[in-house]
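Worksheet: one structure, shown below.
Order of appearance sets the numbers: ligands from 1, and atoms from 1 within every ligand.
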Amino acid sequence: MPERNSAIRFARISRAKESPCAFVPVKGSGLSQPLQPSKIIAVGLNYHSHARELNMPVPENPILFLKPLTALAAHGETISYPASSRQVDYEGELALVIGKPGRNIPEDGAYEYLLGYTLANDITARDLQKQDGQWTRAKSFDGFCPIGPVVKPRLKPEQLEIRTLLNGQLKQKGSPADFIFSVPRIIAFVSEIMTVYPGDVILTGTPPGVGPMQRGDRVRVECDEIGVLENRILET
Ligand code: MG
């Protein structure tokens, strides 16, 4: 069930796979804090190629929105297809996990605040997004934010390739080398608005090729250096 303890399950899954980063050390206490976000932040348009695909101008600053914690789902969880939508899209994305609290983080020190990288699917009810003129309903259904399977530290984002497959067929492929806003720029920009805490997740935007899923589909976001995040859309 994609209920509100999915974030806790994410931490457990990370631990099961022996990720070195399933828990965040609490400075000076000798204790660790479980990986649970206080918020999920997402960047709306962050690939030059996706902006070209949509024929949209490159934004001056990152366009941010939030997804609720109740949207979290773990690798392997089944996602419900909302009755109120007729078009539910996948958006495979690289996600950042924050490692220590920060506010007004400078770009040149941003990596110090990063615990590591994981994968996410920013599932979106596209018809409701267009209908509402803003994104909260479209992006916020329970289960609309699968994240995982583990957090990997110290990767070079511009060398990664993020792929999305629908029923085994490649639909999206992109690299942070094509980002409009770099990882440090995103962290600096977000932390100028809100304090970031350990476990907070930042979705970095999706490459070209977003498209609809049907009931019963299997959607997979993968990256060689991180792993596989796969979820099935409920049949009914
Ligand atoms: Mg997105």
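Aromatic ring centroids of Tyr47 and Phe179 lie under 6.0 Å apart.
Atom CZ of Arg215 has more than 12 heavy atoms from other residues, nucleotides or ligands within 6.0 Å.
Nearest N, O or S atom of Glu91 to the Mg ion (ligand 1): atom OE1. Between the Mg ion (ligand 1) and the N, O or S atoms of Asp122, the shortest distance is to OD2. If you look at Glu93 and ask which of its N, O or S atoms sits nearest the Mg ion (ligand 1), the answer is OE2.
A donor and an acceptor atom, one from each side chain of Arg185 and Asn46, are nowhere located under 3.5 Å apart.
Leu128 and Ile79 fall within the same hydrophobic cluster, defined by Ile, Leu, Val, Met, Phe, Trp and Tyr side-chain heavy atoms under 4.5 Å apart, directly or through other members.
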